[in-house]
Amino acid sequence: MIRARINNVRHETPSVNTLTFTWDHAVQPGQFAMLWMPGYGEIPMSFSSTGKEKAFTVKNYGLTSSKVLELVDGDYIYFRGPYGRGYTERKGRSLIIGGGSGMASLRPLINDDSYGIVSAKTRSELLFRHMFHEASLMVATDDGSEGVKGFPVDILKDMDISPFKNIYICGPEMMIFSIVKYLADKRPEAEASLERSMKCGIGVCDSCSVSGFQLCRDGPVFSVGEIANMKEYGHEKLSFSGRRVPVT
Amino acid sequence: MVNIERNLCGIRLENPFLLASGILDENGYTMKKVMEDGAAGVVTKSISKEEKTGYKTPVVVELEGAMINAIGLSNPGIDAFGEEMKLAIKCGKPVIGSIFGSLPDDFRAVAIKMEEFGASAIELNLSCPHVVGVGLEVGSDPVLVRAIIREVKGSVKIPVFAKLSPNLSNPGEIANAALDSDGFTLINTVRAMAIDPHARRPVLSNAYGGLSGPAIKYIGLRMVHEIYRETGRPIMGVGGISSALDAVEYMMAGSAAVQVGTAVGMHGRKIFKELTLQLTEFMKEEGIASLDEIVGIAVKK
Ligand SMILES: Cc1cc2nc3c(=O)[nH]c(=O)nc-3n(C[C@H](O)[C@H](O)[C@H](O)COP(=O)(O)O)c2cc1C
Ligand code: FES
């Protein structure tokens, strides 16, 4: 287990903090770690910064993450990784589409030539919107409190996507699924980072698998073309005990 | 030409490499994919009568050349598992149903369902080292082992394998109690734990788990050798196999076929194709035409 001391805790939204720490190890955007809160469990966490100073951006979901949100500057974090296959980084203009805390894994990809579609349930939960130039940002909220009332795919459908060399996507399953359906024949090389529950992170437990692929090893980043062929994605997943349940 | 096919109690295997129980075998799509990627067949995750949640995370510790797990036998229960069996069996290769329970009755009920779902054999998990009231706790009691195997053998037609623990203090006695089975699977994980020196506590939520991977190979070899010498029965050898030479050693100790678990995590599903290629290469170099020539060759009769 790797231990690092937190340099800084930043409150991003009412339910999301970013913890920065120094760890001299190569990490690709899109890769993740298994973050351990001793006594309170272990959860997969994307790196939201991949330079010399690394970061995790954590949303309050359950017991483990709520404990992580109690950490302050100078506290220790424990993790193992980095794991998985990250995004393919290519030069040129990119369109970054993120929903909710999904923006965390996309953050290392944002640069001066990036356009963003940032979405969340409501205005106060929009994450990392200020990293985009005002003129290159589009917003969607479920409740219409800012930007388009609806989903990123609604914005995408009204856009000319031809100027974008890269398209990167991360967010809730149904958000990604709707975009994959739309982009499958237009931009199969676009990439999305998928999310499933992960118990092991090292390709043995099968909890993260989608249509035979292990998100923790083969992914979490896949091309839209690959995802379009995964029959389980957007339809079914296994519960913590392995029971097949519908994705909602 | 060399022949790497195996016949395991009437089950035809296109190569000697099966996927071990508990690794990538909870989801039917995954089992199918592992077989498409080269495994001769799979052993399912261990399944019980009722749904079981398993332990909270952390459930694994990643080590150099080994891992420790305490997944806690999480499974959806045999009825729900039928759907996964259906998906896996589409591949056409053998799917062996691993089952566990506390009493002979539990084992019988689950075994009957596994056979209905199309399993090619049953593997009795008498050896999981980290869950109270099942696994090794059941599998170290010779009276119970005998009763379970009698019950299961009396209710299914497919072959039944008893998977035993390297932690047994009386392996010979248990193997003798299990002689009504068709063969053995050896070994399950070795009871172990990891402590984080900075956090000053056990890493696994359950504290204790089972050690697997290359670190346990020599323990597995010894146990296969011992039980083969004692019983001469068909054995599926498992424990730390990550190369064809490891598998060859296991066959020389008496394994008719082998299973691969932790190494699939370490090297990916592609390991099955690589093992098959390496094995074919080794047999050509050594002038071995069929694996029957080497099974048990290192055991004095
Ligand atoms: C994550 C994990 C889960 C396992 N779950 C089971 C199980 O449900 N039933 C069982 O009989 N063995 C289980 N095992 C034991 C393996 O089937 C195998 O006997 C052991 O890991 C040694 O083989 P290996 O070194 O190739 O992994 C599990 C092993 C691991 C690593
Ligand atoms: S999290 Fe266990 S296989 Fe991916």
Side-chain angles (χ1 to χ4, degrees), chain A residues 1-5 33-44 62-65 75-81 83-85 196-218 229-233 235-245, chain B residues 20 22-37 45 47 50-62 67 69 71-77 79-84 87 194 196-205 212-213 261-269:
Chain A
M1 205 66 80
I2 298 146
R3 181 176 75 154
R5 195 188 283 269
M34 295 298 287
L35 177 62
W36 180 41
M37 270 307 285
Y40 300 97
E42 191 181 50
I43 48 174
L63 176 67
T64 313
S65 53
D75 282 348
Y76 286 109
I77 50 169
Y78 299 81
F79 63 93
R80 54 191 175 92
Y83 295 129
R85 174 177 76 165
R196 281 289 159 102
S197 82
M198 286 187 186
K199 289 190 192 181
C200 78
I202 52 174
V204 298
C205 77
D206 208 15
S207 68
C208 68
S209 299
V210 178
S211 288
F213 293 95
Q214 283 67 62
L215 264 51
C216 66
R217 261 197 90 91
D218 302 316
N229 285 320
M230 296 178 182
K231 272 196 214 150
E232 271 186 299
Y233 195 69
H235 296 287
E236 290 179 333
K237 61 180 180 182
L238 299 189
S239 70
F240 197 80
S241 64
R243 183 177 283 274
R244 191 165 283 279
V245 294
Chain B
I23 292 93
L24 299 186
D25 49 12
E26 164 174 282
N27 185 319
Y29 288 103
T30 313
M31 289 188 267
K32 183 162 170 278
K33 180 114 190 127
V34 172
M35 291 186 275
E36 286 165 2
D37 285 352
K45 184 162 215 201
I47 304 295
E50 309 293 342
E51 181 171 7
K52 200 166 166 20
T53 313
Y55 297 129
K56 297 197 170 81
T57 55
V59 291
V60 301
V61 185
E62 189 185 21
M67 68 177 282
N69 91 84
I71 303 277
L73 293 174
S74 65
N75 79 92
D79 291 324
F81 197 67
E83 213 171 326
E84 310 310 318
L87 290 165
D196 187 281
H198 298 296
R200 307 177 179 194
R201 56 186 303 141
V203 178
L204 295 169
S205 72
S212 62
T262 304
V264 182
M266 290 165 47
H267 304 284
R269 297 180 309 268

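The model shown is predicted, which means the values in this text are computed figures rather than measured ones.
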Using a cut-off of under 4.5 Å for heavy-atom pairs, which of A:Gly41, A:Cys216, A:Gly212, A:Gly203 has the most such pairs with chain B? A:Gly212
Heavy-atom pairs under 4.5 Å with chain B - which of A:Phe213, A:Phe240, A:Tyr76, A:Trp36 has more of them than the others? A:Trp36
Looking only at side chains, do B:Tyr29 and A:Glu236 share a donor and an acceptor under 3.5 Å apart? no
Less than 3.5 Å apart, any donor N or O on the side chain of A:Ser209 or B:Lys33 sitting next to an acceptor on the other? no
Answer with side chain, backbone, both or neither: which region of B:Arg269 has an atom nearer than 4.5 Å to a non-hydrogen atom of chain A? side chain
Of all residues at least two apart in sequence or in a different chain, which pass the side-chain hydrogen bond (donor to acceptor under 3.5 Å, both in side chains) check with B:Glu36? B:Lys32
Portion of B:Val34 that has a non-hydrogen atom of chain A nearer than 4.5 angstrom: neither
Measuring heavy-atom distances to chain A, does B:Leu24 have an atom under 4.5 Å in its side chain, in its backbone, in both, or in neither? both
A:Gly39 to B:Arg201 - nearest heavy-atom pair and separation: CA-NH2, 3.5 Å
Can you say whether A:Glu232 sits under 4.5 Å from chain B via the side chain, the backbone, both, or neither, judging by heavy atoms? side chain
Side chain, backbone, both or neither: which part of A:Leu238 has an atom under 4.5 Å from a heavy atom of chain B? side chain
Which atom pair, heavy atoms only, marks the closest approach of A:Pro38 to B:Ala199? CG-CB, 3.9 Å
Cut-off 4.5 Å, heavy atoms of chain A, and the answer for B:Leu87 is side chain
Name the region of B:Met67, side chain, backbone, both or neither, that has any atom closer than 4.5 Å to a heavy atom of chain A. side chain
To the nearest 0.5 Å, how far apart are CG in B:Asn27 and OG in A:Ser211? 8.0 Å
Would you mind telling me which of A:Lys199, A:Arg217, A:Lys231 has the largest number of heavy-atom pairs within less than 4.5 Å of chain B? A:Arg217
Contact leader toward chain B among A:Val210, A:Val204, A:Asp218, where contacts are heavy-atom pairs under 4.5 Å: A:Val204
Has A:Arg244 got a side-chain atom pairing as donor or acceptor with B:Ala80's backbone, closer than 3.5 angstrom? no
At their closest point, which heavy atom of A:Asp206 faces which heavy atom of B:Thr30, and how far apart are they? OD1-OG1, 2.7 Å
Over all atoms of both residues, closest heavy-atom pair of B:Glu51 and A:Ser239: OE2-OG, 4.4 Å
What's the spacing between A:Arg243 CZ and B:Glu26 CD if we round to 0.5 Å? 12.0 Å
